Structure formats: C-alpha cells, structure tokens
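It should be emphasised that the depicted structure is a prediction, and the values quoted were computed from it without experimental measurement. Whatever order the structure lists them in is the order used to number ligands and atoms, beginning at 1. Numbers for residues simply follow the sequence, beginning at 1. Heavy atoms only: backbone and side chains are in, while hydrogens, waters and symmetry mates are out.
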Amino acid sequence: MSFVVAIDGPAGTGKGTITKLIAQELGLVNIDTGAMYRCITLKGIRQGINCLERKEELIQIAKDINIYIENHNGNQQTFLEGEDVTTEIRSKEVSDFVSQLSSIPEIREIVVNLSRNIAEGKDVIMEGRDITTVVFPNAQVKIYLDADIEERAKRRFKENQEKGIEGSYEQVLENVKMRDYNDIHKPVGALKVAEDAVVVDTTKMTIEEVKEKVKEVILERRK
Ligand code: DC
C-alpha cells in the first residue's frame, strides 16, 4: 500500500517549500495540486476566458486539458499540453483568478481525480486545500499548516521578488486576503482543518523548524 502525507493550509504558509524539502529528505514524490488549478486558469486566460460568467467554457477546458507533472528530486515541473509552464502558472494574472476558478465544483472533481491518479501506487507528499479532507481523507499523515495573514503575505511577496514576479506588498496582501476568503467559502472542497490533522502554526517558526516538526510527525506514523 502506498504511503500518503497530506498537507493543507492557506496561501503563504510555506507548504510548497516544506513539501519539497521533505520529499527530498524522505524520498517521497512531491505533488502540488494548486499547480493543476493554475494550469486550467492559464489555459482559460490564454483563450481570453477569465470570469466565472463563462463557467461552462472553463469546465470544458478542464475536461480536455492535458496536465503532466514531473518530479526531479522533490522539484515539481508542470507541463500544460507538453509545454513547461512551471514559472508562468505563478504569474499575477493567474494568481488573481485561480481561487475563483477553483471554486467551480465540476473543476474540483476533475482535479481531485487527477490528483488521485497521479499518486496511485506511489509514496507521496501532496499539498493543497482539500487533500486531508477530500482527496485523501484516509491519508496516513495529515498536517494543517497555518500562519498569521501579514506573515504569509510577507513570505509570498519575498518569494515573488526572488522569482521576478511583479507587484507590491499591498497587492500581495490583498490577493492573499481574497484567496483566503474564496478558499474558506467554497461550496465544495472548502479549506478547513480535518478533525485528525496535526495543526502547525508557522508564524514564528523558521523553515527548518517547520520541516523538522512535520518530519517528526511523518516518521512517527511511518514506524
Ligand atoms: O497552493 P496555490 O496557491 O498554488 O493554489 C492555487 C489556488 O488553487 C488557490 O487559490 C486555492 C486553489 N486550490 C484548491 O482550491 N485546492 C487545492 N487542493 C489546491 C489549490
């Protein structure tokens, strides 16, 4: 049976960084499910579709889309119809629309199935918003990462600057607030703490400390 580590939490809690490091250290396949919602968003934007009024067209895009994920030592590369879009899916345009798009139940169902298929037969660490509650409610390890909103916006802003993604701190904070609201109020797959998840508040913790804490929980369950 495969081993599943499920990690959820709002934007900017360090899920991406932590899962990558742990995947490398423990030899797990790292799967970032947000990248799949981002691919559908990017394809929609490229076709000029970036509003929920055109929901049916977005659902059709999700049905037809070809998303492929490659893993190299914990680093995920995301391909949309064969094109490497790993960086482009992080653009401001995509970030501004993705949380609205991910509220569409039909699109969630497609991504949930895709996430399960990708994980099939592998030992994985998968991160998103509904991994502990919907995608893998029976995961061997469930973690919920949290942090204060200003701290999360600060981290996302710094990450964007390092990646050369434009936008002020205030814009990033607004985007994080908007995404929190959308994540919590989704009709299906809303962000919430699973009853049996271990909650880690990362506000005052370094990446190293969070990594060690999460690893400790995983290794305890893996025994
Ligand atoms: O983790 P991220 O910021 O790359 O995710 C992008 C968006 O996708 C985010 O606004 C929430 C949504 N998402 C989701 O609804 N469910 C998931 N399992 C992963 C991401």
Side-chain angles (χ1 to χ4, degrees), residues 4-20 30-45 50 52 58 61-62 65 67 69 75-78 80 85-119 124-137 139 142-147 149 152-153 155-160 163 165 167 171-194 197 202:
V4 177
V5 178
I7 307 213
D8 285 327
T13 43
K15 297 190 301 291
T17 311
I18 298 298
T19 49
K20 189 171 108 180
N30 175 18
I31 305 169
D32 159 20
T33 57
M36 302 180 211
Y37 292 100
R38 287 175 179 272
C39 278
I40 301 166
T41 306
L42 177 61
K43 192 163 178 197
I45 289 173
N50 63 352
L52 288 184
L58 292 168
I61 287 176
I65 207 165
I67 299 171
I69 282 170
N75 285 306
Q76 174 169 308
Q77 251 181 309
T78 309
L80 167 59
V85 292
T86 311
T87 304
E88 201 176 345
I89 55 171
R90 307 274 147 205
S91 70
K92 183 175 175 302
E93 229 185 335
V94 171
S95 297
D96 282 346
F97 185 52
V98 65
S99 69
Q100 291 180 58
L101 175 135
S102 68
S103 70
I104 302 171
E106 291 88 341
I107 293 186
R108 298 204 68 81
E109 197 184 328
I110 291 166
V111 175
V112 167
N113 287 330
L114 187 59
S115 307
R116 289 181 184 145
N117 289 342
I118 292 175
V124 302
I125 182 162
M126 183 180 280
E127 56 120 334
R129 303 291 190 286
D130 59 346
I131 313 305
T132 56
T133 53
V134 178
V135 182
F136 286 115
K142 293 188 186 184
I143 310 271
Y144 187 93
L145 292 184
D146 210 350
I149 192 156
R152 292 191 278 121
R155 290 177 189 171
R156 194 44 69 93
F157 176 61
K158 187 164 169 264
E159 193 183 306
N160 284 356
K163 288 181 180 162
I165 297 166
Q171 282 173 325
V172 174
L173 178 63
E174 276 319 300
N175 179 268
V176 172
K177 276 186 190 166
M178 185 263 291
R179 294 213 283 149
D180 274 8
Y181 183 87
N182 287 341
D183 284 346
I184 293 164
H185 293 88
K186 279 178 187 130
V188 176
L191 176 67
K192 60 177 176 227
V193 184
T202 71

* To do: Determine whether I69 and M36 make a side-chain contact, defined as any pair of heavy atoms from C-beta on separated by less than 4.5 Å.
  => yes
* **Non-hydrogen side-chain atoms of V135 and T33 separated by less than 4.5 Å** => no
* Asked: Among all residues two or more places apart in sequence or in another chain, which pass the side-chain hydrogen bond (donor to acceptor under 3.5 Å, both in side chains) test with N75?
  -> K20
* Are side-chain heavy atoms of R155 and T202 found at a separation under 4.5 Å? -> yes
* Asked: Do the non-hydrogen side-chain atoms of N182 and Q100 ever get within less than 4.5 Å of each other?
  -> yes
* Charged N to carboxylate O below 4.0 Å: is that the case for D32 and R90? -> yes
* Under a strict 4.0 Å criterion on non-hydrogen atoms, which protein residues are in contact with ligand 1? -> T33, G34, Y37, R38, R90, V98, S99, S102, R108, G128, R129, D130, I131, R179, D183, K186
